[in-house]
Structure formats: structure tokens, C-alpha cells
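Working notes, beginning with the structure itself.
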Amino acid sequence: MRVEGVVEEAWAGSMRVKGRRAPGRTSLVVPVALALIASGDSRPTAAQSLAPDTLHLPELMTEAQAVDPRSREFALNDSSARLRIDNLGTDRLPVLSLGADAGYQSEVVDIPVMGADIQPPPNERYEARIRGEWAIWDGGATGARQASVTAGLAREQATLRADLHELRVRVADAFFSILLLQEQREETALWVEDLGARLAEARAQVDEGAAIPADTAALRADLLIAELQTARLESERDAALQVLSRLVGRPVPGDAVLVVPEVGTAVHGAVARLQSLPPGATLPEDLRLHPRFSAFDAARTVEEAQLALTESRRRPVVGAFGQLAWGNPGDRQFSEDPHEYWRAGLQLQWRPWDWGRPDREAEELEVRLRVVDAREAAFSDGLLRSLEGPTRRIRFLAAALETDAEIITLREEVERQARVRWQERVLPVWAYTDARTDVVEARLALRRHEVELAREQVRYLDTLGMEIREP
């Protein structure tokens, strides 16, 4: 089952009981109180604090990133860059080369001198040599190339971290989906327990002649529907646990307690900070925490390193050389005896004029830097726009929690009166079950809003790239 399928199934739709509203596919009990936004504080429940086996969202996110196959690229990229840097470092070391050649030429130099017998050079020529070259100063080109490789590595690693950051969203969705299904299952289990008690009471009334068998039939039908719904929720929760297990690369125990991270204060501060920005303002530097910003910075560093490399090519290159050889005729053109000989010296190479190529390369790099700036600005603007929706939903959910609490109180009063009237045989059983269903729906709505609020807060921080702390 795909992650998206389980997540969307957990958050969408609602179920029906006896043709009316019933405990819908909503959220679960989470340690997020009504004051989560108002006071900026969220605390774990006592069960979570004492539970021996708990699941913490930040740890799950870290685990998912660690087991993702792409995480192996960090070490591979580092190893590849080190090899390239080491190879570039050899450019500063002396280079030795061996060579040999032999040949025969039909004509040689002949110097006619009156009254002198000068032997011409031999027609055959051969030489074996060893030559050494050493770049004493290369204008900083080697260092610039090494810096370029280092900058390229930083860009690759930063881009990889930004790509892996998106995995955190999938983990968070699976995490809150499990919470949603878990708490919904627990609420429907209470509904089953209540229906079972009412069914036993109705059967006793039938036996006493105070009720008709149709009442027990109606309660029995509702009980079967609630039990079926509980079984379905259990199945979907197991599927969501399997999704999370695949994401983190290890089995996730079914009895583990899922702990909601403490994010209220951080979200409250970030929302207040962004709302204080004037229209058209860019994201503040202290909130540019998303790893994609690091990737943009690394991309700029790469272009700056390339610019430094281009500048190094303008400088002269000074080197030394030495050669030891054995052959004939060697440097003695008129000698016929093989012998050893050597030469050594310095050499200079400089291109003071290359038709403006370095200038055009530098100008191109400047343009590419502006491209990086433009892309970063577009990402920053898009990030700010993407936060508008979560901000509105956080405000709505914070207000909805207060309304939910009032609705529950009213629904419970209606249910209490309906139960008394049913027991007194004044109200039909279906009217009582409808009232009880309304109570269950109201409680589920509160729990759903609690989880949705926590989910939106985590998503808000994750979008900004801020740290998600443990409670």
C-alpha cells in the first residue's frame, strides 16, 4: 500500500451508523490541548511519559533519512571528491618521464673546411633519456581547482540534504495517520462497549416484558456496525504502521505510544515574526533554515570558485626541468661514441593576451550567480506563500477546539436525557442511539482537530526547516 493512499484514507471521509452520522474517519487523542496555540505549549500525557516504548517524530524522521538509499551518496560523494583533490595535488609534485628513440637518416650535416678533415655526424641516431619537470608556481591554478572540487562537493551534499528533507513530510503524514486511526479505533471501541451495555439492558427489559424485541434488534444492528468499523480501523492502522515501518527501515511495534513533539512555542514565534514583515519583504535571515537555502549558498560558492580558477589562468606559470640522457650523437653532433649528457633549467609560460576569453568566462559566471540569486528568491517567495494556508488552518483549528469542547458538553447533556427517557420507555431506542452517536461524533471532532492542529504545526516548522523538538 502506498504511503499517500494510507494517509489520505486516514484523513478523509466519515462513516455512518444506523443511517445517520457516526464516528467519522477523524483524529485521535493527542497531547495537544486547547491552549496549544494560545499559550504556545504542548505537553505529553502521563501515559506517554511513562510508556516504556514510545515513538518520537524527530527520531523517526532521522531514521527514515538514514535508511534511505540516497543517504549512501554522502560517503560516496565525499570519497570521490577526496580522490579528485588528491589527484589535483599531484600537479604540484615533480613529474618523471622515460623516453627513447632510434633512427637512421640518409643525409647529415657536412661542413667543408679547406685544409681540415672533419668527419660528418653519424647517420644513425639513438637516445634513451629520463626527464623531470616541476611546476614551481602555477599561478594558483591547482589550489583553485581543488577549491572548485570542494565547492562542488558541498553543493552536491547540500542538494542531497534538501532532497532528503522532503522525506520528513512523508514520515510526518504516516505518523499522524497512525495517531488518527489509533484514537478513532479507541473511541469506536468505547462506542461498542456502550452499545453492549445498552443491549444487555434492553434484553433484560424484554425478559421483564417492559420492552419489545425490536429494541434489541436495533441495538444489535448498531453494535455490529460499530464492531465492523472498529475492525476496519484496526486494519487501516496496521497498514499505516507498515508504511511507517518501511519508511524508517525497521518494525514499528503496534503498542508503541506516539509522542507529539513540542512545537507550539516555535510555531507561535515564527507566525508572529512572519506576520510582522511588510508586504513584499523577503524571508528573514534567521528563518532561512530550509536546507534548500544551503544548497543555493553552495551553488554560489561553486560559481565563485570557478571565477577564481578563471582568474588564475591569467597568471604566468614558472617551472623547472632536468633531463639525463645516453645516446649518440647526443649534443656532440660530430661524435660517433655513445655517451651520457644532461641539461637543466627554468621555463616560463604566460599568455598575456588570449582575445578576452577570461573576461567573457568571468562575465558568464557573474550571470550564473545572478541566476542562482533569482532561483533562491523564487524559492523564498514560494515558501512564504506555502505558509499562508497552514497559518489560516492553525488559527481555525485553535478556535475550533474551543467550540468542540462546548459542543461535547451540550451533546452529553442531550444524550443523558435521551438515555433516561429511553429507560423510562418514553423515547424509542433509535432516538437514544442517535443522541449517543452525536456524542461520539463530537468527541471525535475534538480529537481530530487536536491532531490536525499538531499536524499543521509540524508541517509549518518543517516547511521553514526549523527544528522539531521533543516534548
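Excluded from the calculations below are hydrogen atoms, water molecules and symmetry mates; all remaining heavy atoms, backbone and side chain alike, are included. Keep in mind that what you see is a predicted model, and the values were worked out from it rather than measured.
- Within the 4.5 Å cutoff, side-chain heavy atoms of Leu247 are placed close to those of Leu167.
- The pair Glu363-Arg360 does not count as a salt bridge, with every side-chain nitrogen at least 4.0 angstrom from each carboxylate oxygen.
- Heavy atoms from other residues, nucleotides or ligands lying under 6.0 Å from CZ of Arg70 number more than 12.
- Side-chain atoms of Asp163 and Arg292, non-hydrogen and from C-beta on, do get closer than 4.5 Å to each other.
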Steps toward salt bridge (charged side-chain N to carboxylate O under 4.0 Å, His left out) verdict (Arg416, Glu413): CA-CA 5 Å; Arg416 185 186 63 80; Glu413 177 62 23; 2.6 Å; yes

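- Here Asp138 does not pair with Arg315 in a salt bridge; the nearest charged N to carboxylate O distance is not below 4.0 Å.
- By the 4.0 Å N-to-carboxylate-O rule, Arg131 lies close enough to Glu133 to be salt-bridged with it.
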Derivation and outcome, side chain to side chain contact (heavy atoms under 4.5 Å, CB included), residues Val248 and Leu244: CA-CA 6 Å; Val248 300; Leu244 185 60; 4.2 Å; yes

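- Screening Thr463, Leu464, Asp462, Leu383 for a side-chain contact (heavy atoms from CB on, under 4.5 Å) with His290, the sole residue that qualifies is Leu383.
- Contact check on Arg300 versus Glu376 returns a salt bridge, with a Lys/Arg side-chain nitrogen under 4.0 Å from an Asp/Glu carboxylate oxygen.
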Dump the intermediate steps for salt bridge (charged side-chain N to carboxylate O under 4.0 Å, His left out) on Asp404 and Arg447, then the final yes or no. CA-CA 9 Å; Asp404 289 336; Arg447 296 179 176 185; over 6 Å; no

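- A donor-acceptor contact closer than 3.5 angstrom is absent between the side chains of Thr188 and Gln229.
- In this structure, Ser312 contributes its side chain and Gly139 its backbone to no donor-acceptor pair below 3.5 Å.
- We find that Glu452 and Arg393 are not joined by a salt bridge, their nearest charged nitrogen and carboxylate oxygen being 4.0 Å or further apart.
- Proximity of Thr150 to Ile85: side-chain heavy atoms (C-beta onward) are separated by under 4.5 Å at one or more points.
- The backbone N or O of Asp68 sits less than 3.5 Å from a side-chain atom of Ser71, completing a donor-acceptor pair.
- Classification of the Tyr126-Trp326 ring pair by plane angle, with boundaries at 30° and 60°, yields tilted.
- Within the 4.5 Å cutoff, the side chain of Leu57 has no heavy atoms near those of the Val260 side chain.
- Inter-residue side-chain proximity for Phe175 and Met61 is flagged as unmet; no heavy-atom pair is nearer than 4.5 Å.
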CA sep, side-chain torsions, deciding dist, call: Val439, Ile408, side chain to side chain contact (heavy atoms under 4.5 Å, CB included): CA-CA 6 Å; Val439 174; Ile408 290 174; 5.6 Å; no

Test Val271 against Tyr460 for side chain to side chain contact (heavy atoms under 4.5 Å, CB included), laying out the working first. CA-CA 9 Å; Val271 170; Tyr460 189 95; 3.6 Å; yes

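- Remark: Arg314 engages Glu311 in a salt bridge, criterion side-chain N to carboxylate O under 4.0 Å.
- No hydrogens or angles considered: nothing links the side chains of Arg185 and Gln182 as a donor-acceptor pair under 3.5 Å.
- Ion pair Arg443/Glu412 flagged as a salt bridge, since at least one NZ, NE, NH1 or NH2 atom sits closer than 4.0 Å to an Asp/Glu carboxylate oxygen.
- Between Arg232 and Glu236 there is a salt bridge, since at least one side-chain N of the basic residue sits less than 4.0 Å from a carboxylate O of the acidic one.
- Within a 6.0 Å sphere centred on CH2 of Trp137, other residues, nucleotides and ligands contribute more than 12 heavy atoms.
- A donor-acceptor contact shorter than 3.5 Å links the side chain of Ser177 to the backbone of Asp173.
- In this structure the side chain of Asp438 never reaches within 4.5 angstrom of the side chain of Glu415, judged on heavy atoms.
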Go through the steps to decide whether Leu55 and Ile178 satisfy the test side chain to side chain contact (heavy atoms under 4.5 Å, CB included), and finish with yes or no. CA-CA 11 Å; Leu55 297 178; Ile178 295 170; over 6 Å; no

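- Contact annotation: the side chain of Glu183 never approaches that of Arg237 to less than 4.5 Å [non-hydrogen atoms, C-beta and beyond].
- Ion pair Arg436/Glu441 not flagged as a salt bridge, since none of the NZ, NE, NH1 or NH2 atoms sits closer than 4.0 Å to an Asp/Glu carboxylate oxygen.
- A salt bridge is defined here as a Lys NZ or Arg NE, NH1 or NH2 lying under 4.0 Å from an Asp or Glu carboxylate O, and Arg82 with Asp78 meets this definition.
- Salt-bridge check for Asp286 with Arg273: passed, with a basic side-chain N closer than 4.0 Å to an acidic carboxylate O.
- Ion pairing between Glu361 and Arg313 holds under the 4.0 Å rule for side-chain N and carboxylate O.
- With contacts defined as side-chain heavy-atom distances shorter than 4.5 Å, the pair Trp134/Val95 does not qualify.
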